[in-house]
Amino acid sequence: MANWQDYLKLLRSLTKTLETLAQVEWDKNAAASAGNLAEVENCMKREQVLSLSLRGYDQKRDAMLSALNLKGVSLRNLVEHSPKEYRLETKDVAEKLRQQYELFQTASQAARNTLEVNLRAIERIQSAQAGDSVQAAEERKTRQTDFRA
């Protein structure tokens with residue numbers, strides 16, 4: 001049976017994981033800005049691993065909320081449902097988790113925007129190169145000399 005301290009411990013672990021994930025997003029943003037595709041790929045792999053751990057946290061959180069008879073209670077309303085002796089601690093843990101989630105969202109959006117901008121630039125370059133190679137091929141065809149005569 002889950003107790004309140006176990007639940008708060010889970011929320012603290014979740015906060016740390018989100019902090020790590022936010023750092024990965026900032027790293028991915030920096031790598032994308034620098035055009036370091038190998039590092040972008042490395043960040044994406046780390047991101048996948050952390051995303052899987054978030055799913056595990058979500059399942060544990062749901063199970064603990066059920067065990068504590070708090071199914072459906074949002075993080076924002078958690079303090080109201082906490083035992084009186086844990087109210088301040090619950091408020092602190094919930095606030096830190098909300099703040100870290102917001103930081104993660106900001107980092108994730110920045111990385112996404114940087115990747116999209118760089119992808120569009122790469123697509124333009126590839127289109128220009130493809131256009132140049134098509135044009136060059138056409139010019140070669142028209143300038144070929146027929147030596148069969």
Side-chain angles (χ1 to χ4, degrees), residues 1-140:
M1 171 110 178
N3 66 37
W4 199 261
Q5 280 295 80
D6 290 338
Y7 184 63
L8 293 179
K9 184 178 177 182
L10 176 79
L11 294 181
R12 284 187 195 95
S13 294
L14 177 57
T15 302
K16 287 178 184 174
T17 300
L18 282 173
E19 183 179 350
T20 303
L21 191 54
Q23 185 58 54
V24 169
E25 292 297 324
W26 288 121
D27 293 347
K28 184 169 67 172
N29 185 33
S33 294
N36 185 345
L37 296 179
E39 183 59 23
V40 169
E41 187 175 324
N42 181 40
C43 289
M44 292 174 85
K45 288 177 183 176
R46 290 174 26 215
E47 183 180 39
Q48 287 176 339
V49 169
L50 290 166
S51 293
L52 288 174
S53 71
L54 287 178
R55 286 190 196 121
Y57 280 120
D58 200 36
Q59 291 171 351
K60 288 178 187 176
R61 186 184 57 81
D62 284 345
M64 287 182 139
L65 285 174
S66 290
L68 293 167
N69 294 321
L70 296 173
K71 193 144 182 92
V73 174
S74 69
L75 188 60
R76 197 166 299 284
N77 297 325
L78 190 62
V79 174
E80 299 165 11
H81 294 86
S82 68
K84 287 182 183 184
E85 65 270 20
Y86 294 115
R87 291 237 164 113
L88 288 175
E89 186 179 1
T90 300
K91 181 179 179 184
D92 182 57
V93 169
E95 185 59 32
K96 284 179 181 174
L97 179 55
R98 276 195 304 273
Q99 288 173 351
Q100 193 55 56
Y101 182 73
E102 288 173 14
L103 288 172
F104 161 70
Q105 285 184 315
T106 300
S108 180
Q109 187 61 45
R112 185 177 306 117
N113 290 343
T114 301
L115 285 171
E116 286 175 3
V117 166
N118 286 341
L119 244 142
R120 283 190 214 111
I122 290 168
E123 287 173 350
R124 281 193 301 272
I125 290 168
Q126 286 179 333
S127 293
Q129 288 175 343
D132 287 346
S133 61
V134 168
Q135 183 180 2
E138 287 298 317
E139 287 178 12
R140 280 193 301 275

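Side chains are part of it too, since the values below use all heavy atoms of this structure and drop only hydrogens, waters and symmetry mates. What you are looking at is a predicted structure, and each value in this text was computed from that prediction instead of being measured.
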Contacts of E41 meeting salt bridge (Lys or Arg N to Asp or Glu O under 4.0 Å) (sequence neighbours excluded), chain-then-number -> K45
Going by salt bridge (charged side-chain N to carboxylate O under 4.0 Å, His left out), name the pairs with one or both residues in residues 59-70, residues two or more places apart or in two chains.
D58-R61
Compare all side-chain heavy atoms of Y101 with those of L75 and state whether any distance is below 4.5 angstrom.
no
In short, V40 meets A32 closest at the heavy-atom pair CG2-N, 3.5 Å
Say you draw a straight line from CG of L14 to NZ of K96; how long is it, rounded to the nearest 0.5 Å?
14.0 Å
Please tell me if the side chains of L78 and V93 come closer than 4.5 Å, counting only heavy atoms from C-beta onward.
no
Can you tell me if CG on L88 sees more than 12 non-hydrogen neighbours from other groups inside 6.0 Å?
no
Within the 4.5 Å heavy-atom criterion, are D6 and N3 side-chain neighbours or not?
yes
Test your reading of the model: is there a side-chain donor-acceptor pair from T90 to the backbone of Y86, 3.5 Å cut-off?
yes
Checking side chain to side chain contact (heavy atoms under 4.5 Å, CB included) between C43 and each of N29, V24, N36, which is the one that passes?
V24
Can you sort out the partners of Q99 under side-chain contact (heavy atoms from CB on, under 4.5 Å), two or more places apart, ordered by chain and number?
E95
Closest approach of K91 to V79 (non-hydrogen atoms, all atoms of both residues):
CA-CG2, 3.5 Å
Close side-chain approach of T15 to L18, heavy-atom, < 4.5 Å
no
Could you tell me whether R12 and E89 have a side-chain N and a carboxylate O separated by less than 4.0 Å?
yes
When you measure from the side chain of S53 to the backbone N and O of L50, does any donor-acceptor pair fall under 3.5 Å?
yes
